[in-house]
Amino acid sequence: MKVAAYCRVSTDQEDQANSFESQRRYFREYIERQPDWELVEIYADEGITGTSTEKRTAFNRMLRDARLHRFDLIVTKEISRFARNTLDSIRYTRELKKMGIGVLFLNDGMNTLQESSEFILTIKASQAQEESRATSSRVKWGQTRRMEQGVVFGRSLLGYDVKDGKLTVNPAGAEIVRLIYHKYVQERKGTTTIARELREAGFKTLRGGTDWRATVILKILCNEKYCGDLKQKKTYTPDYLTHQKKYNHGEEPFVYLRDHHEPIIDRALWEEAQREIRRRDRDGKLASGHGNRYPLSGKIKCAACGKSFVSRRRKRRDGTVYRTWRCGTAVAQGKRRVNAAGIESGCEVGYQLRDEAGMAMLRQAVGMLRMDNVAIVSNLTGLVLSALQASEDNRQNCLDTWDKKLTALREKKKRVLDAYFEKEITSQDMHLMNEEYDREIDRLSEQIKLAEGESQPSPWSEGEIRAKICGIVSGREAPDAFYGNLLDHITAYPDRKLELCLKQLPQSWLFRLERQGEIMLRNDPSVPMSVSNPFSSSKGIE
């Protein structure tokens, strides 16, 4: 029989490394003592968690070899070494069993090729998973207590070095931080201007480069560490199985310590910077992020440097505000030029495109498409009605599936009780499994209750749906977001030419910008089609 072994330790600390080598030696000797066994390979993961198989390279390589039938049996120490995730344990042992490959858990005395193995495996795997959850909770609790005592969790930052949980001032970085605050608060310069000046002056970032960005400057201005305070738990891990971190928006309490370490910036100056940030944040971008709030966001590309155009607010003489788009490189670095050191910066595409001009171009391109509106309305109406029906069918299918799962869970609870009376499991195992099944039963019951409450007839009739779609297709009721979804991209060329492309269409539309007093949008004369000026006034692009 061809046999493989699998071993794993959770950390790469020295004592665990010794355990790691001991496991490998033990499996090699154990398999060699079996007269009819032949060792194929020992698969070993070092310093890897068992709650997820995603980063366990040796484990995943072992599964690939199993699918190639390179061995007949896998030997491992115990279920917790194989996987601490119950679903992973059952999933992979089932897959291996279908291929005729068993998993022998030495400490648990169980071979997955035996008939009753899956039931016992479920109990043992659940215990291992619960142990991981408890360990995760203990670690988080311990980390929080250490944070409250002032221990710093995190990496070094500009102006501070972090070592052994303590923050110490880095003089070179601290001078740059003070310069940034001075430029922003005292000189009233913007983050983009500050980034450009630091880049041109050759100041080094934390990583040793000179690629300063406005976002980096803003993070420095917002960081409370520079005034001597410490705010921790800015990120958290909601699921101990996936280990994925998320930004903490109040889901967990922060740990905030005032006057924790030596400040680089005077508190009064730091607070003035925060007031100035709020004053300049008229759009609420700092709080909400820009994202794709506008139909043209991220879809206007510069042909010269490849960067996306970014939006800027402008104010007219009458006080009204409008939005323009400009190349991100030109905004950050200005016009294209070469400094004394021969380093190029900036972009030659420096013109601005008004938002309403870009939308008018898009509407005009869509309006020129030859479409069978009657067929489109009919097809879309059918799709909407089908989607509504499919949603109801899916809801009913989910209810049926959940009912079956409830029945299966209740049956498993009975089997747990039978196993306890037959002395196959201990009282502790029985209580643990019953608690797990009760939680799952409560969860499914709540899902069924919510799904049953969602059973409502559509608020719109077929005629109302058809009328709404007709209005959108004809353009009478289509919002900007509708046109934004049709747009693939707009390419802006240095010769003031704009090329507009719609999704899934090979055809493109060309427009040219010409300056005649006020800048106007005119159609490219090279386009062999009749394109009318989309503006009734002379104001479009500047």
Student: Rounded at 0.5 Å granularity, tell me how far CG in Leu73 sits from CD1 in Ile101.
Tutor: 9.0 Å

Student: Can you name the closest pair of heavy atoms from Ile277 and Cys222 and give their distance?
Tutor: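 Smallest heavy-atom distance, with atoms named: CD1-SG, 3.7 Å.
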
Student: Is the NZ atom of Lys503 crowded by more than 12 outside heavy atoms at less than 6.0 Å?
Tutor: yes

Student: Restricting to side-chain contact (heavy atoms from CB on, under 4.5 Å), what partner residues turn up for Ser445, sequence neighbours left out?
Tutor: Leu406, Ile441

Student: Apply the test side chain to side chain contact (heavy atoms under 4.5 Å, CB included) to residues Trp37 and Val75: give CA-CA distance (whole Å), side-chain angles for both, the deciding distance (0.1 Å), then the verdict.
Tutor: CA-CA 11 Å; Trp37 286 11; Val75 179; 4.0 Å; yes

Student: Working to the nearest 0.5 angstrom, can you tell me the gap between Glu29 CD and Leu39 CG?
Tutor: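 Output value for this atom pair is 12.0 Å.
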
Student: Can you confirm whether Arg267 is buried at CZ, in the sense that more than 12 heavy atoms of other residues, nucleotides or ligands lie under 6.0 Å from that atom?
Tutor: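 Check passes, neighbour count above 12.
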
Student: Do Val216 and Thr205 come close enough that some side-chain heavy atom pair is under 4.5 Å?
Tutor: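 No. Closest side-chain heavy atoms not under 4.5 Å.
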
Student: Test side chain to side chain contact (heavy atoms under 4.5 Å, CB included) on Arg67 and Leu63; report intermediate values, then the result.
Tutor: CA-CA 6 Å; Arg67 295 179 186 114; Leu63 292 177; 3.9 Å; yes

Student: Minimum heavy-atom separation for Leu257 and Met147, please, with both atom names.
Tutor: CD1-O, 3.5 Å

Student: Does some side-chain heavy atom of His69 sit less than 4.5 Å from a side-chain heavy atom of Lys2?
Tutor: no

Student: Where is the tightest heavy-atom contact between Ser311 and Arg323, given as atom of each residue plus distance?
Tutor: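 Residues Ser311 and Arg323, closest heavy atoms: OG-NH1, 3.3 Å.
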
Student: What closest approach, in Å, do Cys7 and Arg24 show between heavy atoms, and which atom pair accounts for it?
Tutor: SG-CG, 3.9 Å

Student: Should we say atom CZ of Arg207 is surrounded by more than 12 heavy atoms from elsewhere, each under 6.0 Å from it?
Tutor: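 Count not over threshold, so no.
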
Student: How about CZ on Arg33, more than 12 heavy atoms from neighbouring residues, nucleotides or ligands closer than 6.0 Å, or not?
Tutor: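 Enclosed: over 12 neighbouring heavy atoms sit under 6.0 Å from CZ of Arg33.
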
Student: Give a yes or no on whether the backbone of Leu104 and the side-chain of Asn111 come within a donor-acceptor separation of less than 3.5 Å.
Tutor: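 Checking the backbone N and O of Leu104 against the side chain of Asn111, no donor-acceptor pair under 3.5 Å is found.
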
Student: Could you tell me whether the side chain of Arg363 reaches within less than 4.5 Å of the side chain of Tyr483, counting heavy atoms only?
Tutor: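 Answer yes - side chains close enough.
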
Student: Would you say Asn434 and Lys413 make side-chain contact, with heavy atoms under 4.5 Å?
Tutor: yes

Student: Got a donor-acceptor contact below 3.5 angstrom from the Glu32 side chain to the Phe27 backbone?
Tutor: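 Looks like no, no N/O pair under 3.5 Å.
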
Student: Could you check whether Phe59 and Tyr92 have their ring centres less than 6.0 Å apart?
Tutor: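 Close enough - the centres of the two rings lie under 6.0 Å apart.
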
Student: Going by distance alone, is a donor N or O of one side chain under 3.5 Å from an acceptor N or O of the other, for Tyr30 and Arg25?
Tutor: no

Student: State, to 0.1 Å, how close Glu38 and Ile31 come at their nearest heavy-atom pair, and which atoms those are.
Tutor: C-CG2, 4.5 Å

Student: Taking all heavy atoms of Pro295 and all of Met359, pick out the closest pair and write down the distance.
Tutor: CB-SD, 4.0 Å

Student: Among all residues two or more places apart in sequence or in another chain, which pass the side-chain contact (heavy atoms from CB on, under 4.5 Å) test with Glu440?
Tutor: Leu409, Arg443, Leu444

Student: Examine distances only and state if a side-chain atom of Asp72 and a backbone atom of Met1 form a donor-acceptor pair shorter than 3.5 Å.
Tutor: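 No: the side chain of Asp72 does not pair with the backbone of Met1.
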
Student: Rounded to the nearest 0.5 Å, how far apart are CG of Asp438 and CD of Glu435?
Tutor: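 CD of Glu435 is found 8.0 Å from CG of Asp438.
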
Student: Does Trp270 use its side chain to pair, donor to acceptor, with the backbone of Asn223 at less than 3.5 Å?
Tutor: yes

Student: Within 45° of the six-membered ring axis of Tyr256 and under 6.0 Å from that ring's centre, is NZ or CZ of Lys231 located there?
Tutor: no

Student: Please report the interatomic distance CZ(Phe105) to CE(Met110), rounded to the nearest 0.5 Å.
Tutor: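 Reported to 0.5 Å precision, the distance equals 5.0 Å.
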
Student: Go through the steps for Arg145 and Glu148 under the test salt bridge (charged side-chain N to carboxylate O under 4.0 Å, His left out), then give the verdict.
Tutor: CA-CA 5 Å; Arg145 300 292 80 77; Glu148 292 171 348; 2.9 Å; yes

Student: So, Lys405 and Asp403, do they make that salt bridge, N to O below 4.0 Å?
Tutor: no

Student: Check whether any side-chain heavy atom of His261 lies under 4.5 Å from a side-chain heavy atom of Asp229, and answer yes or no.
Tutor: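 The answer is no; the side chains never approach within 4.5 Å.
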
Student: What side-chain donor-acceptor pairs closer than 3.5 Å can you find for residues 160-168, not counting sequence neighbours?
Tutor:
{"from": "Tyr160", "atom 1": "OH", "to": "Lys225", "atom 2": "O", "distance (Å)": "3.3"}
{"from": "Tyr160", "atom 1": "OH", "to": "Glu262", "atom 2": "O", "distance (Å)": "2.6"}
{"from": "Tyr160", "atom 1": "OH", "to": "Ile264", "atom 2": "N", "distance (Å)": "3.3"}
{"from": "Asp161", "atom 1": "OD2", "to": "Asn170", "atom 2": "ND2", "distance (Å)": "3.4"}
{"from": "Thr168", "atom 1": "OG1", "to": "Asp161", "atom 2": "O", "distance (Å)": "3.4"}

Student: Report the distance from atom OH of Tyr437 to atom CD of Glu411, rounding to the nearest 0.5 Å.
Tutor: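 The distance works out to 11.0 Å.
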
Student: Output, in order, the C-alpha distance, side-chain angles, deciding distance and verdict of side chain to side chain contact (heavy atoms under 4.5 Å, CB included) for Lys299 and Phe309.
Tutor: CA-CA 8 Å; Lys299 295 185 178 181; Phe309 274 39; over 6 Å; no

Student: What residue among Arg70, Arg28, Arg61 forms salt bridge (Lys or Arg N to Asp or Glu O under 4.0 Å) with Glu41?
Tutor: Arg61

Student: Measuring only between side-chain heavy atoms, which start at C-beta, is Thr76 closer than 4.5 Å to Leu106?
Tutor: no

Student: Can you tell me how far apart NZ (Lys219) and OG1 (Thr191) are? Round to the nearest 0.5 Å.
Tutor: 12.5 Å

Student: Under 4.0 Å between a side-chain nitrogen and a carboxylate oxygen: does that hold for Arg439 and Glu436?
Tutor: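 Judged by the 4.0 Å cut-off on N to carboxylate O distance, Arg439 and Glu436 do form a salt bridge.
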
Student: State, with a plain yes or no, whether a side-chain heavy atom of Val103 is found less than 4.5 Å away from one of Leu96.
Tutor: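 Side-chain contact under 4.5 Å: yes.
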
Student: Test Ser308 against Ile300 for side chain to side chain contact (heavy atoms under 4.5 Å, CB included), laying out the working first.
Tutor: CA-CA 6 Å; Ser308 296; Ile300 309 176; over 6 Å; no

Student: Going by heavy atoms in the side chains, are Phe71 and Met62 under 4.5 Å from each other?
Tutor: yes

